[in-house]
Amino acid sequence: MAAPEKPIVFTEHLQLTALGIQPASISFQSLTLESDAWICVRETLDTPQVVIVNLNDSNDVVRRPITADSAIMNPRAGEKILALKAQRQLQVFNLGTKSKIGAHQMNEDITFWTWINDTTIGIVTDREVLHWKVMDGQASPQKVFDRHATLAGNQIINYRISQDEKWLVVVGISSNPNAGQPGQNGFKIKGAMQLYSLERGVSQPIEGHAAAFATIKMDGAANPTKMFCFAVRTATGAKLHIVEIGHQAPNPPFQKKAVDVFFPAEATNDFPVALQVSPKHGILYLVTKFGFIHLYEIETGQCIYMNRISGETIFTTAEYETTSGIIGVNRKGQVLSVSVDEDTIVPYIQQVINSPELAIKLATRAGLPGADHIIQQQYQVYIQNGNYGEAAKIAANSPRGLLRTPQTIETFKKLPQVPGTLSPILQYFGILLEKGELNKYESLELARPVIQQGKKQLLEKWLKENKLECSEELGDLCRVADMNLALSVYLRANVPNKVVACFAELGQFDKIVLYSKKVGYTPDYAQLLQHLVRINPDKGAEFATQLVNDESGPMVDLDRIIDIFMSQNMLQQATSILLDALKDNKPEQGPLQTRLLEMNLVSAPQVADAILGNEMFTHYDRPRIANLAEKAGLMQRALEHYEDINDIKRVVVHTNLFNQDWLVNFFGRLTVEQSFACLHEMLKSNIRQNLQIVVQIASKYSDLLGPVKLIELFEQYKSSEGLYYYLGAVVNLSEDPEVHFKYIQAATRTGQIREVERMCRESNFYNPEKVKNFLKEARLSDQLPLIIVCDRFDFVHDLVLYLYQNGLTNFIEIYVQRVNSARTPQVIGGLLDVDCDEQTVKNLLMSVTGTFPIDELVDEVEKRNRLKLILPWLNNKVEQGSTDHAVYNAIAKISIDSNNNPEAFLKENNLYDPAIVGKYCEKRDPYLAYIAYAKGFCDDELINITNENQMYKHQARYLVKRREIDLWTQVLDPESIHRRALIDQVIATAIPESTDPDDVSVTVKAFMHMELHGPLLELLEKIIIEPSPFSDNRSLQSLMFLTAIKNDRGKVMGYINKLSGYDVEAIAKVATEAGLYEEAFTIYQKHDMHAEAMNVLVEHMVSIDRGFAYANKINQPAVWSRLGKAQLDGLRVKEAIDSYIKAEDPSNFAEVIEIANRAGKHEDLVRFLQMARKTAREPKIDTELAYAYAKTDRLHDMEEFLGMTNVADILQVGEKCFEDELYQASKLLFSSISNWARLATTLIYLGENQAAVDAARKAGNTQVWKQVNAACVDKKEFRLAQICGLNLIVHAEELPALLSLYERNGYFDEIISLMEGGLGLERAHMASPLALRLHAEGS
């Protein structure tokens, strides 16, 4: 017998390294496998990136530059949804749509995360477990439960949930340091799990390495049983545990299983790492760390197969849904899958495991081949033994429907019934119904007795539960009992003809079309419609509409449908169908449109009228429909459709039968020629009836038809009334002068005088000359229209002449009193031109109550030399309180002409216009013109009249009073020939007469602005030197000085001697800047400003000797101080110090010290510093005084100075003296501040060696000892040198230099003596004896 084939299919899907993935990235930390759809790898090389591999298409490899701690792909195969974790930041992206689905910032670190289903991410932290339903739009993860304490310190490697999401398990592993110790049975890798019930909120810690949830349907159980499977390895072995969770009655309880997991001898350290369940086969796949695969049947826990599938650890796995197996990745990058070989597993179980029961169980559960003969044998045995229930179970559960045949049904039908039990056939059907769907034969056999017993509700229940296989035969059985039930069966069985028949019998015609299109069936719709029309016309109409309006086109010929309805005289329904069918108004529907309108024009004209009114159709036979509409009395519709002009003219004259608005609009469709033809016909046939509508048509289409032709039309039929009404409608919109004239003419002829008056007043387009002449000829009783035209278009003279000559003087009064009083001046002028009586003119003028331009009246009478004519009227206006300038202008002119004291009037009256009156006076009397212009500030006019008449005195007075710089600029223009004469009058007359400072100020500014320096000086001397109100004016005196300094320096000294009220400081400063030093000095001296005077002498005149004389004369500290500064600047140190001492001014001590030191004037400096110390306490002063004492060898004075309180920097002075070799002074200075170090150095230079040693002892400084020692050795003062040396040898670093000093000079005995002397010192350095020995040996 051949060896059985393996019961598994082992497949290598991919080699990840072949796709370019780095081996270092293939690990549990970098690679994730959430389902059999995607692998996600994080590569952390030069450029961090995430690689996504599509397991269903190896060519689909996506690389994205992403930096993240972890990346997991959503299990869905059709979408690329990537979840990323970077520290505590979580983000989920849809890579297909390039959109972010969600993001969240965690509050604690994440130790493990995974997609627990298509919508939810499970998150495990150090303290809790959370779920984030990110695909459902949940904003943030929600806590589910807290982690158990037993998981502390574990590496979390998995988190799973049950199918119903009520059970959850967290899996972790950790190293076990106690493994192998006596009394310890723990494995070196310890597994810990936390099982959590969501319903009860309870956790259970379990020891285990791998876990999975499973759901299987057990024999005899009403509901599926939920299992929890987990594997654990201990030091003594490994176990697979299968236990029931969440038990549900009435299921029988599941006996938990604990099965040993076998590990070969070469895998003693192996342990489980993954569990996956095959829901289809009920098999559990267990994967170990060493790459072994174990297959267990879940219900029995029996091991079916074990083998090694990988030499490397498979570190991640997932369910392989394609074959209900397991898929995983090992460390080499192999993507492997294992699944059940459905063709070999059942024979394998029979032959290798020798378990027929297990083989049958597996074959039955998954419908697998290989156990058919065993099942058939067992079935026959049960039948023969009378165990019909078990036989029924075998038959019902047989794989692939092996025994579910008609023969089996017949067998059970023939079996006898055991008393007290159901018949075998009912038992069989009961098992089948409990198991699932019945096949065709089983459904028919079950339905027959149920229908016979009238229990159709059972059939309805089974159909809803999909227990029965529907067929045409089953529908035929149900049709006898219930049409709706049969329809349901036919629909499920896809029997279209029977379904349509059922819909028709049930009256559900609206569903027929939808169903037929859905299944692709085409019934005889015409026959169905004909049947429906007979029994229910309304339903028939609905069904017909549905057939016609189908989106794919009419399903029945529309003519056939109409024939069906018209055969039953159903015009309304036929019309409704056609209206709906023809709503798209297509060209090919023309015949049907014509038929629709014909039917209704013959039988229902009102319906046809409504259809035509809606303008739904445009493709019907228009002439045919027009003729039928005329016969039906629908004149409007007929006119709409006729196109021949003769037909239109025949119909259009019956205007009483039309809606007038429509008829007017109708003319918009006609051409101009057609319109005039119709209008002529309408007026010709019945002008009384049709005139009004003709006027309306003419008014509306006036622009199109042309006003000229329309006017001719109305005039042809002598209809002034029609013309009036037509033009009245268009005249307001027309700009044609002829239209406006014709309208005025028509209104006149029809007696519409008020309308004539309105048009004359409002129209802007008529020809005024033509209208004026027409109105004159018309000789109306009311001349108001003529007056309006003449008034508007300035025909006043013609109007006055016409009215005066025709004796219509009363209309002249009406004109000026009621129409337009503003035309009174022209009327008066016209009357004067026709020699009207003066009294009449005066009366007319006095009768005008309205306002009119008085200046025009004055002009009219003035140019006719009749100005005095209106004097009474003017006086009357004055009495009435008029303030109109024109009134007073006229009175002024009359006063001037009559020489009636005009000067007084011009000066006193403020109501006339100075410019007008002044202009009037220019030729008559220039002085009067000057008065008027001056009163009105008419600058230009005044300047011109005074220049022309050489009235410079008046002009000068006006300009001074006017105070306008711009005006001064104009008259003082250098190009002006009048300038000099004017300036002379300003200086001689205007300014001396003035008493107002502002007048003078502005005049002076004007002269300055125009740079008239000479005249300005003349002006200023006139008002300052000569007695005047401005003689003591400070500003004017200063100005005179400034002007003289700039333009006439010779006068300055004279001004200084004569004047004293000017700004002394400012003028002296300007004089100094201008180089007038004597003048400046004189000003300062005259006003006792001696320091400033001295400054001029020494700084500007540079005369120190004259300054010395002036200082002796004045003898003031400020003067001496300023002189001292000048002397110092000139390096006259002694004289400068003498001046400073006389001034008792130490303020410039820094500069004095610097220059005196540089010049070596220490004796003089002592005097200055002694003076300075009296008032100033400055360290600089005391320091320099001490130094000056040293430089002058005044040591006694220095000792006194040092004994007094001072603020000198003694150390600084001492150092300077030391540098200058002034050692005695340095000795005093260093002694005074007890600076023993510097004193010792100084004493060396003075040769006072003993004192230097004493000072060095006080200083206690190594460097000082060295200096003193060197000085004593140099002078061969060896005793003193030894004293210094003893203070040096205690410092090891000083020994070499000390030895070198003595040796270099050949003083060996002395250095030995020094060393010997140092041996007794406690602080002597240890190197001293050695140095002594070496020195002795060397010598």
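FYI, the numbering just counts along the sequence from 1. Atoms considered below: every heavy atom in the structure, side chains included; atoms not considered: hydrogens, waters and symmetry mates.
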Does any donor atom in the side chain of [X] or [Y] lie under 3.5 Å from an acceptor atom in the other side chain?
X: Lys772; Y: Asn767; value: no
X: Tyr743; Y: Glu755; value: yes
X: Asp939; Y: Tyr958; value: yes
X: Lys935; Y: Asn910; value: yes

Determine, for [X] against [Y], whether the closest basic-nitrogen to carboxylate-oxygen distance falls under 4.0 angstrom.
X: Arg650; Y: Asp644; result: no
X: Glu715; Y: Lys742; result: yes
X: Arg749; Y: Glu721; result: no

Inset, instruction - Give the C-alpha distance, both sets of side-chain angles, the deciding distance and a yes or no for salt bridge (Lys or Arg N to Asp or Glu O under 4.0 Å) between Lys709 and Glu712. - result: CA-CA 5 Å; Lys709 289 186 177 182; Glu712 291 176 357; over 6 Å; no
Would you say that [X] contacts [Y] through its side chain, given a criterion of any heavy-atom pair below 4.5 Å between the two side chains?
X: Tyr766; Y: Cys760; answer: yes
X: Gln660; Y: Thr655; answer: no
X: Leu710; Y: Phe676; answer: yes
X: Leu713; Y: Leu723; answer: no
X: Tyr701; Y: Ser675; answer: no
X: Met951; Y: Pro926; answer: yes
X: Phe774; Y: Thr748; answer: yes
X: Ile693; Y: Gln696; answer: yes

Judged by atom type as modelled, is there a donor-acceptor pair below 3.5 Å linking the side chain of [X] to the main-chain atoms of [Y]?
X: Gln674; Y: Thr671; result: yes
X: Asn585; Y: Thr618; result: yes
X: Ser976; Y: Asp973; result: no
X: Arg792; Y: Arg761; result: yes
X: Asp925; Y: Cys921; result: no
X: Ser699; Y: Val695; result: yes
X: His740; Y: Asn732; result: no

Inset, instruction - Look at the aromatic rings of Phe793 and Phe795 and report parallel, tilted or perpendicular, splitting at 30° and 60°. - result: tilted
What are the two closest heavy atoms between [X] and [Y], and how far apart are they?
X: Tyr620; Y: Phe617; value: CE2-O, 3.2 Å
X: Lys649; Y: Cys678; value: CG-SG, 4.2 Å
X: His680; Y: Gln716; value: CE1-OE1, 3.2 Å
X: Asn901; Y: Ala904; value: ND2-CB, 3.3 Å
X: Ser702; Y: Val730; value: CB-CG1, 3.7 Å

Roughly how far, to the nearest 0.5 Å, is [atom2] of [Y] from [atom1] of [X]?
X: Lys684; Y: Leu679; atom1: NZ; atom2: CG; result: 14.0 Å
X: Leu942; Y: Tyr930; atom1: CG; atom2: OH; result: 6.0 Å
X: Leu670; Y: Glu673; atom1: CG; atom2: CD; result: 11.0 Å
X: Ile687; Y: Met682; atom1: CD1; atom2: CE; result: 11.0 Å

Legend entry - Full working for side chain to side chain contact (heavy atoms under 4.5 Å, CB included) between Glu941 and Lys919: CA-CA 8 Å; Glu941 293 83 352; Lys919 185 68 176 175; over 6 Å; no
Legend entry - Candidate pair Arg754 and Asp782, rule salt bridge (Lys or Arg N to Asp or Glu O under 4.0 Å), full reasoning: CA-CA 10 Å; Arg754 299 281 74 84; Asp782 188 350; 3.2 Å; yes
Do other residues, nucleotides or ligands put more than 12 heavy atoms under 6.0 Å from [X] [atom1]?
X: Arg669; atom1: CZ; value: yes
X: Gln689; atom1: CD; value: yes
X: Tyr725; atom1: OH; value: no

